[in-house]
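To start, the structure under review is shown below, and the notes come after it.
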Amino acid sequence: MELRPLIAIVDDEESVRRALGRMLAASSFAVEIFGSGQEFLDSLQTRRPRCVLLDYQMPGLTGRDVQRRLAQAQIRVPIIVMTAHDQPALREQCLADGAVAYLAKPLKRVPLVEIIDDAIGMGPTADPKPADES
Amino acid sequence: VLASIHDQIAVLNQSGVIIEANQSWRRFVEHSASRAFERASVGDHFLNACASAAAGGDPVASTLLEHVQEVLGELNARHRLEFSDATQHGAVWYEICVERLHRPEGGAVITRTDISAQKQAVTEAREQKQQLAHLSRAAILGELSGAFAHELAQPLTSILGNAEAALQLLPPAPELAEIGEILRDIIKDDVRAAEVIQRLRSMLARGEIQREPADLNQIVRDVLTLTRSDLVARNVSVSLRLTEALPRVLVDPVQIQQVLLNLVINSCEAMAELPVGERELTIETRSQGAQMECAVVDRGPGIPRDQLDRIFQPFVSSKKHGMGLGLTICRSIIEAHGGRLWAEAGPDGGAVFRFTAPGGT
(Lines give C-alpha, C1' and ligand atoms only; values in the text may rest on other atoms or scores of the structure.)
Protein backbone atom coordinates (compact mmCIF):
# COMPACT_ATOMS: atom_id res chain seq x y z
CA MET A 1 0.00 0.00 0.00
CA GLU A 2 1.62 3.18 -1.26
CA LEU A 3 0.45 6.27 0.54
CA ARG A 4 3.25 8.55 -0.41
CA PRO A 5 2.89 9.98 -3.91
CA LEU A 6 5.32 8.52 -6.42
CA ILE A 7 7.69 10.96 -8.10
CA ALA A 8 9.92 9.96 -11.01
CA ILE A 9 13.34 11.56 -11.40
CA VAL A 10 15.08 11.38 -14.78
CA ASP A 11 18.69 12.53 -15.00
CA ASP A 12 21.60 11.03 -16.89
CA GLU A 13 24.04 11.82 -14.10
CA GLU A 14 23.92 9.24 -11.36
CA SER A 15 25.05 11.37 -8.42
CA VAL A 16 22.47 13.99 -9.35
CA ARG A 17 19.52 11.63 -9.55
CA ARG A 18 20.59 9.83 -6.38
CA ALA A 19 20.86 13.11 -4.43
CA LEU A 20 17.57 14.44 -5.76
CA GLY A 21 15.99 11.07 -4.97
CA ARG A 22 17.21 11.28 -1.38
CA MET A 23 15.97 14.84 -1.04
CA LEU A 24 12.46 13.97 -2.19
CA ALA A 25 12.39 10.68 -0.27
CA ALA A 26 13.25 12.69 2.83
CA SER A 27 10.33 14.97 2.00
CA SER A 28 7.59 12.32 2.19
CA PHE A 29 7.53 11.31 -1.44
CA ALA A 30 8.04 7.89 -2.92
CA VAL A 31 10.77 8.13 -5.52
CA GLU A 32 11.80 6.18 -8.57
CA ILE A 33 14.94 7.25 -10.45
CA PHE A 34 15.84 6.74 -14.12
CA GLY A 35 19.10 7.31 -15.99
CA SER A 36 17.53 8.05 -19.37
CA GLY A 37 14.32 9.23 -20.96
CA GLN A 38 13.84 5.83 -22.59
CA GLU A 39 14.06 3.95 -19.27
CA PHE A 40 11.45 6.28 -17.86
CA LEU A 41 9.11 5.86 -20.84
CA ASP A 42 9.45 2.09 -20.63
CA SER A 43 8.56 2.13 -16.93
CA LEU A 44 5.21 3.74 -17.71
CA GLN A 45 3.99 0.33 -18.96
CA THR A 46 3.89 -0.90 -15.39
CA ARG A 47 3.33 2.12 -13.22
CA ARG A 48 2.73 5.76 -13.52
CA PRO A 49 4.19 8.43 -11.25
CA ARG A 50 2.16 11.38 -10.00
CA CYS A 51 4.81 13.76 -11.28
CA VAL A 52 8.12 13.59 -13.14
CA LEU A 53 11.21 15.67 -12.50
CA LEU A 54 12.81 15.64 -15.93
CA ASP A 55 16.33 16.78 -16.84
CA TYR A 56 16.48 18.65 -20.13
CA GLN A 57 20.03 18.02 -21.36
CA MET A 58 20.45 14.27 -21.70
CA PRO A 59 22.14 12.14 -24.32
CA GLY A 60 19.67 10.16 -26.39
CA LEU A 61 16.18 11.43 -25.70
CA THR A 62 16.28 14.98 -24.36
CA GLY A 63 13.78 16.22 -21.83
CA ARG A 64 11.90 17.83 -24.67
CA ASP A 65 11.77 14.56 -26.61
CA VAL A 66 10.34 12.83 -23.56
CA GLN A 67 7.83 15.63 -23.12
CA ARG A 68 6.72 15.22 -26.76
CA ARG A 69 6.40 11.44 -26.53
CA LEU A 70 4.26 11.74 -23.44
CA ALA A 71 2.06 14.22 -25.26
CA GLN A 72 1.83 11.96 -28.34
CA ALA A 73 0.85 9.01 -26.20
CA GLN A 74 -1.59 11.28 -24.35
CA ILE A 75 -0.03 10.41 -21.04
CA ARG A 76 -0.75 13.33 -18.79
CA VAL A 77 1.89 13.21 -16.09
CA PRO A 78 2.75 16.63 -14.69
CA ILE A 79 6.28 17.44 -15.88
CA ILE A 80 8.78 19.60 -14.05
CA VAL A 81 11.69 20.36 -16.36
CA MET A 82 15.05 20.98 -14.71
CA THR A 83 18.13 22.19 -16.50
CA ALA A 84 21.77 22.91 -15.79
CA HIS A 85 21.83 25.24 -18.79
CA ASP A 86 19.23 27.86 -18.08
CA GLN A 87 18.03 29.84 -21.11
CA PRO A 88 14.93 32.01 -21.22
CA ALA A 89 14.01 30.65 -24.65
CA LEU A 90 14.11 27.12 -23.28
CA ARG A 91 11.84 28.07 -20.40
CA GLU A 92 9.25 29.44 -22.82
CA GLN A 93 9.46 26.35 -25.03
CA CYS A 94 9.06 23.90 -22.17
CA LEU A 95 6.18 25.78 -20.58
CA ALA A 96 4.51 26.19 -23.98
CA ASP A 97 4.78 22.43 -24.42
CA GLY A 98 2.87 21.96 -21.20
CA ALA A 99 5.47 21.56 -18.45
CA VAL A 100 4.06 22.67 -15.10
CA ALA A 101 7.38 24.24 -14.10
CA TYR A 102 10.85 24.96 -15.40
CA LEU A 103 13.64 25.04 -12.81
CA ALA A 104 17.30 25.97 -13.13
CA LYS A 105 19.71 23.69 -11.28
CA PRO A 106 20.66 23.43 -8.48
CA LEU A 107 17.22 22.82 -6.95
CA LYS A 108 16.45 23.92 -3.41
CA ARG A 109 14.14 21.61 -1.47
CA VAL A 110 11.81 24.51 -0.92
CA PRO A 111 10.27 25.59 -3.28
CA LEU A 112 10.66 22.27 -5.17
CA VAL A 113 8.47 20.41 -2.71
CA GLU A 114 5.75 23.06 -2.96
CA ILE A 115 5.87 22.98 -6.73
CA ILE A 116 5.49 19.20 -6.71
CA ASP A 117 2.60 19.44 -4.23
CA ASP A 118 0.91 21.92 -6.54
CA ALA A 119 1.56 19.77 -9.59
CA ILE A 120 0.08 16.73 -7.94
CA GLY A 121 -2.93 18.72 -6.83
CA MET A 122 -3.69 20.01 -10.28
CA GLY A 123 -2.60 16.95 -12.26
CA PRO A 124 -5.43 15.05 -13.89
CA THR A 125 -3.98 11.78 -12.63
CA ALA A 126 -4.78 12.44 -9.01
CA ASP A 127 -5.35 8.72 -8.57
CA PRO A 128 -2.02 7.12 -7.51
CA LYS A 129 -2.80 4.02 -9.57
CA PRO A 130 -2.09 4.12 -13.31
CA ALA A 131 -5.00 5.96 -14.85
CA ASP A 132 -6.62 5.03 -18.11
CA GLU A 133 -6.07 8.03 -20.32
CA SER A 134 -8.29 7.03 -23.24
CA VAL B 1 55.22 67.54 -66.14
CA LEU B 2 55.42 69.26 -62.79
CA ALA B 3 52.15 71.05 -63.41
CA SER B 4 50.20 67.86 -63.97
CA ILE B 5 51.26 66.18 -60.75
CA HIS B 6 48.87 66.15 -57.82
CA ASP B 7 51.66 66.12 -55.22
CA GLN B 8 53.07 69.52 -54.30
CA ILE B 9 56.56 69.87 -55.65
CA ALA B 10 59.15 72.61 -55.29
CA VAL B 11 62.73 72.75 -56.54
CA LEU B 12 65.38 74.48 -54.42
CA ASN B 13 68.72 75.75 -55.65
CA GLN B 14 71.90 75.00 -53.75
CA SER B 15 71.45 77.96 -51.44
CA GLY B 16 67.88 76.96 -50.53
CA VAL B 17 65.82 79.38 -52.61
CA ILE B 18 62.71 77.99 -54.34
CA ILE B 19 63.39 78.27 -58.05
CA GLU B 20 60.43 76.31 -59.32
CA ALA B 21 57.12 75.03 -57.91
CA ASN B 22 54.24 73.21 -59.51
CA GLN B 23 50.65 74.39 -59.56
CA SER B 24 49.66 72.23 -56.58
CA TRP B 25 52.37 73.80 -54.47
CA ARG B 26 51.35 77.31 -55.45
CA ARG B 27 47.69 76.58 -54.85
CA PHE B 28 48.50 75.16 -51.45
CA VAL B 29 50.50 78.26 -50.52
CA GLU B 30 47.56 80.45 -51.50
CA HIS B 31 44.71 78.48 -49.93
CA SER B 32 45.72 75.90 -47.38
CA ALA B 33 49.08 76.79 -45.85
CA SER B 34 48.71 76.85 -42.07
CA ARG B 35 52.32 76.79 -40.92
CA ALA B 36 54.66 79.73 -41.51
CA PHE B 37 57.17 77.78 -43.62
CA GLU B 38 54.39 76.47 -45.82
CA ARG B 39 53.85 79.94 -47.25
CA ALA B 40 57.19 79.95 -49.07
CA SER B 41 56.81 79.96 -52.83
CA VAL B 42 58.93 80.67 -55.93
CA GLY B 43 61.66 83.24 -55.17
CA ASP B 44 61.45 82.74 -51.39
CA HIS B 45 64.33 81.41 -49.37
CA PHE B 46 62.98 78.10 -48.10
CA LEU B 47 65.76 77.49 -45.58
CA ASN B 48 65.21 80.89 -44.03
CA ALA B 49 61.46 80.31 -43.93
CA CYS B 50 62.04 77.03 -42.10
CA ALA B 51 64.60 78.58 -39.78
CA SER B 52 62.34 81.39 -38.68
CA ALA B 53 59.36 79.01 -38.24
CA ALA B 54 61.61 76.73 -36.19
CA ALA B 55 62.68 79.67 -34.08
CA GLY B 56 58.98 80.40 -33.62
CA GLY B 57 58.61 76.96 -32.05
CA ASP B 58 57.41 74.79 -34.96
CA PRO B 59 59.09 71.38 -34.47
CA VAL B 60 58.14 70.23 -37.98
CA ALA B 61 59.95 73.25 -39.44
CA SER B 62 63.00 72.54 -37.34
CA THR B 63 63.22 68.90 -38.49
CA LEU B 64 62.57 69.91 -42.07
CA LEU B 65 65.32 72.53 -41.84
CA GLU B 66 67.82 69.85 -40.81
CA HIS B 67 66.63 67.56 -43.60
CA VAL B 68 67.01 70.20 -46.29
CA GLN B 69 70.40 71.26 -44.98
CA GLU B 70 71.64 67.67 -44.97
CA VAL B 71 70.40 66.99 -48.49
CA LEU B 72 71.83 70.23 -49.85
CA GLY B 73 75.11 69.50 -48.01
CA GLU B 74 75.10 66.00 -49.60
CA LEU B 75 75.15 64.36 -46.20
CA ASN B 76 71.97 62.51 -47.17
CA ALA B 77 70.39 61.77 -50.53
CA ARG B 78 66.86 61.63 -49.22
CA HIS B 79 64.79 62.43 -46.14
CA ARG B 80 61.18 61.70 -45.26
CA LEU B 81 59.00 63.42 -42.70
CA GLU B 82 55.39 62.82 -41.70
CA PHE B 83 53.28 65.25 -39.75
CA SER B 84 49.67 66.15 -39.20
CA ASP B 85 47.74 69.39 -39.07
CA ALA B 86 44.50 69.76 -37.27
CA THR B 87 41.90 71.30 -39.55
CA GLN B 88 38.22 71.93 -39.11
CA HIS B 89 37.62 68.69 -41.06
CA GLY B 90 39.81 66.62 -38.75
CA ALA B 91 43.48 65.74 -38.91
CA VAL B 92 45.26 66.02 -42.25
CA TRP B 93 48.45 64.03 -42.65
CA TYR B 94 51.34 65.09 -44.89
CA GLU B 95 54.51 63.50 -45.96
CA ILE B 96 57.38 65.75 -46.97
CA CYS B 97 60.16 64.18 -48.95
CA VAL B 98 63.43 66.01 -49.55
CA GLU B 99 65.63 64.61 -52.31
CA ARG B 100 68.93 65.60 -53.88
CA LEU B 101 68.44 67.29 -57.22
CA HIS B 102 70.74 65.60 -59.70
CA ARG B 103 72.19 68.63 -61.42
CA PRO B 104 75.81 69.78 -61.48
CA GLU B 105 74.88 72.99 -59.67
CA GLY B 106 73.21 71.00 -56.86
CA GLY B 107 69.86 71.74 -55.21
CA ALA B 108 66.96 69.72 -53.84
CA VAL B 109 63.41 68.65 -54.68
CA ILE B 110 60.74 68.89 -52.04
CA THR B 111 57.58 66.81 -52.48
CA ARG B 112 54.65 67.20 -50.18
CA THR B 113 51.92 64.54 -50.34
CA ASP B 114 48.58 64.37 -48.58
CA ILE B 115 48.68 60.92 -46.98
CA SER B 116 45.50 61.29 -44.92
CA ALA B 117 43.75 58.55 -46.90
CA GLN B 118 46.53 56.01 -46.27
CA LYS B 119 46.65 56.96 -42.59
CA GLN B 120 42.91 56.58 -42.39
CA ALA B 121 43.08 53.15 -44.01
CA VAL B 122 45.74 51.98 -41.57
CA THR B 123 43.71 53.22 -38.61
CA GLU B 124 40.58 51.56 -39.95
CA ALA B 125 42.39 48.29 -40.49
CA ARG B 126 43.66 48.38 -36.93
CA GLU B 127 40.20 49.11 -35.58
CA GLN B 128 38.70 46.32 -37.66
CA LYS B 129 41.27 43.89 -36.29
CA GLN B 130 40.44 44.88 -32.75
CA GLN B 131 36.75 44.49 -33.47
CA LEU B 132 37.34 41.05 -34.95
CA ALA B 133 39.44 39.95 -32.01
CA HIS B 134 36.81 41.21 -29.63
CA LEU B 135 34.00 39.43 -31.46
CA SER B 136 35.73 36.08 -31.42
CA ARG B 137 36.84 36.48 -27.82
CA ALA B 138 33.31 37.35 -26.84
CA ALA B 139 31.96 34.31 -28.65
CA ILE B 140 34.45 31.95 -27.03
CA LEU B 141 33.91 33.37 -23.56
CA GLY B 142 30.18 33.26 -23.96
CA GLU B 143 30.29 29.66 -25.09
CA LEU B 144 32.77 28.61 -22.42
CA SER B 145 30.83 30.28 -19.65
CA GLY B 146 27.74 28.39 -20.78
CA ALA B 147 29.67 25.12 -20.76
CA PHE B 148 31.17 25.84 -17.33
CA ALA B 149 27.80 26.77 -15.93
CA HIS B 150 26.42 23.44 -17.07
CA GLU B 151 29.36 21.40 -15.81
CA LEU B 152 29.21 23.08 -12.40
CA ALA B 153 25.45 23.13 -12.00
CA GLN B 154 25.36 19.32 -12.04
CA PRO B 155 27.66 18.72 -9.02
CA LEU B 156 26.06 21.67 -7.24
CA THR B 157 22.72 19.93 -7.72
CA SER B 158 23.93 16.71 -6.09
CA ILE B 159 25.64 18.54 -3.24
CA LEU B 160 22.53 20.58 -2.53
CA GLY B 161 20.22 17.58 -2.84
CA ASN B 162 22.33 15.47 -0.50
CA ALA B 163 22.66 18.22 2.09
CA GLU B 164 18.92 18.97 1.97
CA ALA B 165 18.14 15.26 2.33
CA ALA B 166 20.56 14.87 5.24
CA LEU B 167 19.04 17.84 6.99
CA GLN B 168 15.59 16.31 6.66
CA LEU B 169 16.81 12.95 7.93
CA LEU B 170 18.67 14.42 10.89
CA PRO B 171 16.93 13.49 14.15
CA PRO B 172 16.15 16.49 16.34
CA ALA B 173 18.69 15.75 19.05
CA PRO B 174 20.74 18.44 20.84
CA GLU B 175 23.99 16.54 20.25
CA LEU B 176 23.31 16.69 16.48
CA ALA B 177 22.61 20.43 16.38
CA GLU B 178 26.10 21.14 15.08
CA ILE B 179 25.59 18.69 12.19
CA GLY B 180 22.43 20.59 11.34
CA GLU B 181 24.41 23.83 11.24
CA ILE B 182 26.99 22.22 8.99
CA LEU B 183 24.33 21.07 6.57
CA ARG B 184 22.65 24.47 6.54
CA ASP B 185 26.02 26.09 5.79
CA ILE B 186 26.62 23.66 2.93
CA ILE B 187 23.19 24.48 1.52
CA LYS B 188 23.76 28.21 1.85
CA ASP B 189 27.17 28.09 0.17
CA ASP B 190 25.93 25.84 -2.62
CA VAL B 191 23.22 28.34 -3.44
CA ARG B 192 25.79 31.14 -3.27
CA ALA B 193 28.10 29.32 -5.70
CA ALA B 194 25.20 28.83 -8.10
CA GLU B 195 24.43 32.54 -7.94
CA VAL B 196 28.04 33.46 -8.67
CA ILE B 197 28.04 31.22 -11.74
CA GLN B 198 24.76 32.67 -12.87
CA ARG B 199 26.13 36.21 -12.53
CA LEU B 200 29.36 35.35 -14.33
CA ARG B 201 27.40 33.82 -17.11
CA SER B 202 25.14 36.78 -17.64
CA MET B 203 28.22 39.00 -17.59
CA LEU B 204 30.19 36.99 -20.12
CA ALA B 205 27.49 35.75 -22.38
CA ARG B 206 24.85 37.97 -23.77
CA GLY B 207 22.88 35.16 -22.28
CA GLU B 208 19.72 34.79 -24.22
CA ILE B 209 19.55 35.36 -27.93
CA GLN B 210 18.08 38.74 -28.84
CA ARG B 211 16.15 37.82 -31.94
CA GLU B 212 15.06 40.46 -34.39
CA PRO B 213 14.13 40.40 -38.06
CA ALA B 214 17.34 40.91 -40.02
CA ASP B 215 18.46 40.95 -43.62
CA LEU B 216 20.87 38.06 -44.20
CA ASN B 217 22.32 39.84 -47.25
CA GLN B 218 23.07 42.85 -45.09
CA ILE B 219 24.79 40.63 -42.53
CA VAL B 220 26.96 39.26 -45.34
CA ARG B 221 27.84 42.78 -46.49
CA ASP B 222 28.59 43.92 -42.93
CA VAL B 223 30.96 41.02 -42.41
CA LEU B 224 32.73 41.78 -45.68
CA THR B 225 33.18 45.39 -44.60
CA LEU B 226 34.60 44.19 -41.32
CA THR B 227 37.03 41.80 -43.02
CA ARG B 228 37.91 43.97 -46.01
CA SER B 229 41.46 44.74 -44.97
CA ASP B 230 42.03 41.12 -43.98
CA LEU B 231 40.81 39.89 -47.35
CA VAL B 232 43.03 42.36 -49.18
CA ALA B 233 46.04 41.37 -47.08
CA ARG B 234 45.40 37.72 -47.92
CA ASN B 235 44.84 38.46 -51.61
CA VAL B 236 41.42 36.85 -51.53
CA SER B 237 38.82 38.07 -53.98
CA VAL B 238 35.18 37.75 -53.06
CA SER B 239 32.23 37.14 -55.31
CA LEU B 240 28.72 37.49 -54.00
CA ARG B 241 25.72 35.56 -55.23
CA LEU B 242 23.05 37.04 -53.01
CA THR B 243 19.40 36.40 -53.70
CA GLU B 244 17.73 39.78 -53.89
CA ALA B 245 14.59 40.44 -51.86
CA LEU B 246 15.41 37.55 -49.56
CA PRO B 247 12.83 37.18 -46.76
CA ARG B 248 14.14 38.35 -43.41
CA VAL B 249 15.58 35.99 -40.82
CA LEU B 250 14.70 36.04 -37.13
CA VAL B 251 18.13 36.08 -35.48
CA ASP B 252 20.54 37.93 -33.28
CA PRO B 253 22.43 39.68 -36.10
CA VAL B 254 25.62 40.10 -34.06
CA GLN B 255 25.82 36.38 -33.37
CA ILE B 256 25.18 35.46 -36.99
CA GLN B 257 27.90 37.95 -37.92
CA GLN B 258 30.26 36.13 -35.60
CA VAL B 259 29.50 32.85 -37.30
CA LEU B 260 29.92 34.24 -40.79
CA LEU B 261 33.13 36.01 -39.79
CA ASN B 262 34.53 32.78 -38.53
CA LEU B 263 33.59 30.93 -41.72
CA VAL B 264 35.06 33.64 -43.94
CA ILE B 265 38.35 33.70 -42.04
CA ASN B 266 38.52 29.89 -42.08
CA SER B 267 37.98 29.85 -45.84
CA CYS B 268 40.69 32.45 -46.35
CA GLU B 269 43.09 30.41 -44.27
CA ALA B 270 42.23 27.30 -46.26
CA MET B 271 43.33 29.10 -49.44
CA ALA B 272 46.59 30.50 -48.05
CA GLU B 273 48.68 27.97 -50.03
CA LEU B 274 47.00 28.71 -53.37
CA PRO B 275 48.56 30.97 -56.01
CA VAL B 276 47.34 34.50 -55.46
CA GLY B 277 45.05 34.58 -58.51
CA GLU B 278 43.09 31.51 -57.44
CA ARG B 279 42.09 32.61 -53.95
CA GLU B 280 38.44 33.15 -54.57
CA LEU B 281 35.73 33.17 -51.96
CA THR B 282 32.06 32.97 -52.90
CA ILE B 283 29.21 33.80 -50.57
CA GLU B 284 25.68 32.85 -51.57
CA THR B 285 22.31 33.39 -50.01
CA ARG B 286 19.02 31.81 -50.97
CA SER B 287 15.68 30.90 -49.54
CA GLN B 288 14.91 27.25 -48.76
CA GLY B 289 11.29 27.12 -47.71
CA ALA B 290 10.89 28.63 -44.27
CA GLN B 291 14.65 28.77 -43.79
CA MET B 292 17.15 31.13 -45.36
CA GLU B 293 20.45 29.62 -46.33
CA CYS B 294 23.91 31.09 -46.59
CA ALA B 295 26.93 29.32 -48.08
CA VAL B 296 30.61 30.20 -47.90
CA VAL B 297 32.50 28.50 -50.72
CA ASP B 298 36.29 28.38 -50.98
CA ARG B 299 38.74 26.88 -53.47
CA GLY B 300 41.09 25.43 -50.87
CA PRO B 301 42.09 21.76 -50.59
CA GLY B 302 38.65 20.80 -49.28
CA ILE B 303 37.78 18.52 -46.36
CA PRO B 304 38.07 14.72 -46.49
CA ARG B 305 34.64 13.11 -46.53
CA ASP B 306 35.11 11.35 -43.20
CA GLN B 307 36.10 14.64 -41.56
CA LEU B 308 33.09 16.67 -42.67
CA ASP B 309 31.31 16.25 -39.37
CA ARG B 310 34.30 15.74 -37.12
CA ILE B 311 35.57 19.28 -37.69
CA PHE B 312 32.65 20.58 -35.63
CA GLN B 313 33.75 18.69 -32.55
CA PRO B 314 35.52 20.74 -29.89
CA PHE B 315 39.32 20.81 -29.86
CA VAL B 316 39.60 19.44 -33.40
CA SER B 317 41.74 21.85 -35.39
CA SER B 318 43.83 21.73 -38.54
CA LYS B 319 45.48 25.00 -37.63
CA LYS B 320 48.84 25.28 -35.91
CA HIS B 321 47.59 27.62 -33.23
CA GLY B 322 43.88 26.84 -33.37
CA MET B 323 42.00 25.91 -30.23
CA GLY B 324 39.54 23.94 -32.30
CA LEU B 325 36.56 25.74 -30.87
CA GLY B 326 35.61 28.09 -33.71
CA LEU B 327 33.36 25.73 -35.66
CA THR B 328 32.00 24.17 -32.47
CA ILE B 329 30.91 27.58 -31.30
CA CYS B 330 29.53 28.47 -34.73
CA ARG B 331 27.43 25.35 -34.79
CA SER B 332 26.08 25.91 -31.29
CA ILE B 333 25.18 29.50 -32.16
CA ILE B 334 23.35 28.44 -35.32
CA GLU B 335 21.55 25.62 -33.56
CA ALA B 336 20.52 27.93 -30.74
CA HIS B 337 18.83 29.99 -33.46
CA GLY B 338 16.97 26.95 -34.75
CA GLY B 339 19.16 26.56 -37.82
CA ARG B 340 21.78 24.07 -39.02
CA LEU B 341 25.44 24.43 -39.94
CA TRP B 342 27.30 21.81 -41.92
CA ALA B 343 30.21 21.31 -44.31
CA GLU B 344 30.16 19.84 -47.81
CA ALA B 345 32.65 19.10 -50.53
CA GLY B 346 32.74 21.97 -53.01
CA PRO B 347 31.72 21.49 -56.68
CA ASP B 348 35.30 22.09 -57.94
CA GLY B 349 37.23 20.89 -54.91
CA GLY B 350 37.32 23.27 -52.01
CA ALA B 351 34.91 23.32 -49.13
CA VAL B 352 31.39 24.68 -48.66
CA PHE B 353 30.08 25.73 -45.29
CA ARG B 354 26.35 26.16 -45.25
CA PHE B 355 24.08 27.40 -42.53
CA THR B 356 20.38 28.04 -42.26
CA ALA B 357 18.42 30.46 -40.16
CA PRO B 358 14.68 30.59 -39.65
CA GLY B 359 12.79 33.19 -41.64
CA GLY B 360 10.34 35.45 -39.88
CA THR B 361 9.35 39.08 -39.60
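Note on naming: letters A, B, ... go to the chains in the order of the sequence lines (proteins, then strands), and numbering restarts at 1 for each one.
Heavy atoms from other residues, nucleotides or ligands lying under 6.0 Å from CD of B/E178 number 12 at most. Surrounding CZ of B/R221 are more than 12 heavy atoms belonging to other residues, nucleotides or ligands, all under 6.0 Å away.
Contacts of A/D11 with chain B are made by side-chain atoms alone, with heavy-atom separations under 4.5 Å and no backbone atom involved. Interface remark: B/I187 contributes side-chain atoms only to the contact with chain A (heavy atom separation under 4.5 Å).
The two residues B/Q154 and A/A84 come nearest to each other via the heavy atoms OE1-CB, 3.8 Å. Contact detail for B/A165 and A/A26: the closest heavy-atom pair is O-CB, 3.8 Å. Contact between B/T157 and A/L107 at its shortest, heavy atoms only, is CG2-N, 4.5 Å. Taking every heavy atom of both residues into account, B/S158 and A/A19 meet most closely at O-CB, 3.2 Å. When all heavy atoms are compared, the tightest approach of B/E164 to A/R109 is OE2-N, 2.8 Å.
Counting heavy atoms from C-beta on, the side chains of B/L156 and A/K105 never come closer than 4.5 Å.
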Handout entry: Residues A/K108, B/L160; criterion side-chain contact (heavy atoms from CB on, under 4.5 Å); working and verdict
Key = CA-CA 7 Å; A/K108 283 210 72 178; B/L160 185 59; 4.0 Å; yes
